[in-house]
Every structure is written in C-alpha cells, then in structure tokens.
Amino acid sequence: MERIDGKALAAQVKRQAADQVAVLRQQKIVPKLAVILVGEDPASKVYVGGKAKDCAECNIESDVIQLPAETTQQQLLEQIDTLNRDQSVHGILVQLPLPGHIDEKAVIEAIDPKKDVDGFTPVNVGRMFVGEDCFLPCTPAGCIELIRAAGVEMKGKKAVVIGRSNIVGKPMALLLLRENATVTVCHSKTQDLAAVCREADILVAAIGKDRFVGKDMVKPGAVVIDVGINRGADGKLHGDVDESALSDVAGKITPVPGGVGLMTRAMLMVNTVKACKKLNGMA
C-alpha cells in the first residue's frame, strides 16, 4: 500500500501560489485573506492559526478578526458587509462551526461570491454544478489534486463517496463526475454499505466517524481518500479509515494527518490568489 504524500503536494501547491503572489506584488497588488473567528472553539483556533501560517508562507496578507461568542448574527453580517466593500480584501472566510444562535446559511449567503474563497455560497455552488468557472470548495478540490498527483486515472473508474454533506460529500461527487468517473454517493440510509464500497476503484470517506472504513469495505488495489479528522480515545488524530487494517488491501491511501487536511489549506491559498486576480481584472 502506497501512502499519498499530502505534505509534499501541499508544499508544491503553495510554492506555485507564492510564485503568483510575487508577480502580483511586483505590480503593487497584495492578495489579502480575511478570516472571521467567532468564539473560543479550540479546534477552530488551531485551524485559523494554520491558515495564517499558510498565508505567511505564500506572502499573502492575512487578517484574523476574532469576535466574542456572544456576537449577534446582525453584528456578524455587518462585519461581512464591511469586508465585502473593502477593496483591499480579496478573500473572506468565516470559520465554521458558528455558535448555535447564528444561522450559518444566512452568514454564508452574505459573503460576496467574488470573495467566497471557501466556495460555499449558492452562486459558486451553482456554477460548480453546471461546470462554470467558480471557486471550488477547498477539501474536494484538494482531494482531486491528490488523486491526480498519485497518477490515478479517474476517467471511467467507479468512485464511491461515503457522506453527503454540502461541504465535502456532494461537491466531491460533482468533481469526480467532472473527471468522468462513475460516481455513487453513500450515506446513513445506504443498504449494504460495505458491498457498495467494495465496488469502488476510488473510495472517498467523509463521514466523521473514527476509523469507520475497514478491510471489508475496500476493493483490492483501490485508491482510498480519507477526509476524516477525528480525535480517538487514545487522544491521537485518526481518519475515517482504519489505515492499519488496509495495508494488504488498498493500493494507495491518504494518511491522517498528512493528507487531505494539508491540501485543503493549500487550495485556500490557490483560491485567494485567484480571487485577487479576478478582482483586479487579471483572470
């Protein structure tokens, strides 16, 4: 079983983004990402810190706006409106999840689609659905790049996605379709899940259940993309896939950590540079 090196690919993608930023800066154009963090969620703080680090590596300006947990929905929407109108800001990201009293859907819809570097607004989702140019959601886009970098041909292959979330599962299926794979989406109501998964040449696990995918769910030689990041009872990070059980079954697999998570962050840098170019009439 070969591990697909997400760390090396993410570093390469970020280098390419940094090269584009260098060209923009020569023209006195500075790409800028604004990240809004509401509350004190420890995991969210770690994620936001990682994004700021990536921006620094790519020479992208970043602005982290930390708001207290009791921030009202109206206050958050006003903050987004300010960023929408700020011409120095090219990308806007609201770190999810938000406190329970705030409607995530309303917040996402408030972001200017031209600055929606997460690819979550209905405008970008709709454009993705019909195959138009748009900001692709970072995790599914990163998964496609990992599959491609592993030298795996997607055209004509059977792909199975476990999970149907708006953030990963559904867009993942769409992007695999765009690569001409034959795609099945599985979920909690799928009958004989293991049998369906065993048909997959490419298996994407995105359900948020610690080491859920075992040996009985994987076709010999399959490519396994593990999107999950779960804190196990042992205190360590694990994926949705039990990697140790697949050593003599899977052909290629993305490790956790060191796989999809790093590529998600790298694709955010790609989207931020793209947003900057488009807003400056360069793409």
- Look at D248 together with K215 and state whether they make a salt bridge at an N to O cut-off of under 4.0 Å. yes

- Item | In one Ile/Leu/Val/Met/Phe/Trp/Tyr side-chain cluster, 4.5 Å: V260, I253 | no

- Can you measure from SG (C186) to CG (L203) and round to the nearest 0.5 angstrom? 8.5 Å

- I144 side chain reached by M172 side chain, heavy atoms, under 4.5 Å: yes

- So, does T190 use its side chain to make a donor-acceptor pair with the main chain of L193 at under 3.5 Å? no

- Does the side chain of V125 come within less than 4.5 Å of N166's, by heavy atoms? no

- So if you build clusters from Ile, Leu, Val, Met, Phe, Trp, Tyr with side-chain heavy-atom gaps below 4.5 Å, do M269 and V23 land together? no

- Message: Which heavy atom of G169 sits nearest to which heavy atom of V161, and what is that distance?
- Response: O-CG1, 3.8 Å

- Task: Mark yes or no for whether R198, through its side chain, and D216, through its backbone, hold a donor-acceptor pair below 3.5 Å.
- Result: yes

- Quick one: CZ on F120 to CD1 on I167, what's the gap to the nearest 0.5 Å? 4.0 Å

- Message: Could you report the tightest heavy-atom contact between R25 and E61, atom names first, then the distance?
- Response: NH2-N, 4.4 Å

- Query: Hey, is the main chain of P99 close enough, under 3.5 Å, to the side chain of E104 for a donor-acceptor pair?
  - Reply: no

- Query: Is there side-chain contact between K274 and K277, with at least one heavy-atom pair below 4.5 Å?
  - Reply: no

- Does any N or O in the side chain of R3 come within less than 3.5 Å of the main-chain N or O of G258, such that one atom is a donor and the other an acceptor? no

- Any donor-acceptor pair under 3.5 Å from E199 side chain to K158 backbone: no

- Query: Got a donor-acceptor contact below 3.5 angstrom from the D54 side chain to the A266 backbone?
  - Reply: no

- Message: Between D112 and N84 (side chain of the first, backbone of the second, donor and acceptor by atom type, cut-off under 3.5 Å), is there such a pair?
- Response: no

- Query: Hey, does D240 have a side-chain heavy atom less than 4.5 Å from the side chain of I162?
  - Reply: no

- The reported gap from OG1 in T272 to CG in D118 (rounded to nearest 0.5 angstrom) is 9.0 Å

- Verify, without hydrogens or angle tests, whether K157 (side chain) and E153 (backbone) share a donor-acceptor contact under 3.5 angstrom. yes

- Do the side chains of V213 and C197 get nearer than 4.5 Å, heavy atoms only? no

- Message: Quick check: closest heavy atoms across M128 and P137, and the distance to 0.1 Å?
- Response: SD-CD, 3.7 Å

- Query: Quick one: do D116 and R127 make a salt bridge, cutoff under 4.0 Å?
  - Reply: no

- Message: Quick check on the hydrophobic clustering: are M217 and V249 connected, directly or via other members, by side-chain heavy-atom contacts under 4.5 Å?
- Response: yes

- Checking side-chain contact (heavy atoms from CB on, under 4.5 Å) for the pair N280/L24: CA distance, chi angles, key distance, verdict? CA-CA 10 Å; N280 282 280; L24 289 167; over 6 Å; no

- Query: Looking only at heavy atoms, which two atoms of M1 and E243 are closest? And how far apart?
  - Reply: CE-CG, 3.7 Å

- Please step through side-chain contact (heavy atoms from CB on, under 4.5 Å) for the pair V107 and I36, ending with a clear verdict. CA-CA 11 Å; V107 168; I36 302 175; over 6 Å; no

- Task: For residues V38 and Q79, determine if any side-chain heavy atom of one lies less than 4.5 Å from a side-chain heavy atom of the other.
- Result: no

- Query: Under 4.5 Å between side-chain heavy atoms, hopping through other hydrophobics if needed: is there a path connecting V123 to I80?
  - Reply: no

- Item | N271 side-chain N/O to L136 backbone N/O, donor-acceptor pair under 3.5 Å | yes

- Item | Transitive ILVMFWY side-chain link I111 to V117, under 4.5 Å | no

- Beyond-backbone contact of E145 with V13, side-chain heavy atoms, under 4.5 angstrom: no

- Under a 4.0 Å N-O cut-off, is there an ion pair linking D19 with R15? no

- Query: More than 12 heavy atoms of other residues, nucleotides or ligands under 6.0 Å from CD of Q87: is that the case?
  - Reply: no

- To the nearest 0.5 angstrom, please state how far the NE2 atom of H90 sits from the CD1 atom of I29. 7.5 Å

- Would you say T254's side chain and D226's backbone share a donor-acceptor pair under 3.5 angstrom? yes

- Query: What residues, two or more places apart in sequence or in another chain, satisfy salt bridge (Lys or Arg N to Asp or Glu O under 4.0 Å) together with K209?
  - Reply: none

- Atom CE of M263 and atom CG of L9: how far apart are they, to the nearest 0.5 Å? 4.0 Å

- Less than 4.5 Å apart, any side-chain heavy atom of I108 and any of L96? yes

- Which heavy atom in V160 sits nearest to a heavy atom in A200, and how many Å separate them? CG2-CB, 3.5 Å

- Item | NZ/NE/NH1/NH2 to OD/OE distance under 4.0 Å, K115 and D86 | no

- Heavy-atom closest contact (T71 atom, H101 atom, distance): O-NE2, 2.7 Å

- Item | Residues S188, R164; criterion side-chain contact (heavy atoms from CB on, under 4.5 Å); working and verdict | CA-CA 9 Å; S188 59; R164 54 178 169 180; 4.2 Å; yes

- NZ (K51) and CD1 (I60) are apart, to the nearest 0.5 Å, by 13.5 Å

- Please report the C-alpha distance between L176 and M154 in whole Å, then the side-chain angles of each, then the deciding distance to 0.1 Å, and finally whether the side-chain contact (heavy atoms from CB on, under 4.5 Å) criterion is met. CA-CA 7 Å; L176 284 163; M154 289 172 267; 4.1 Å; yes

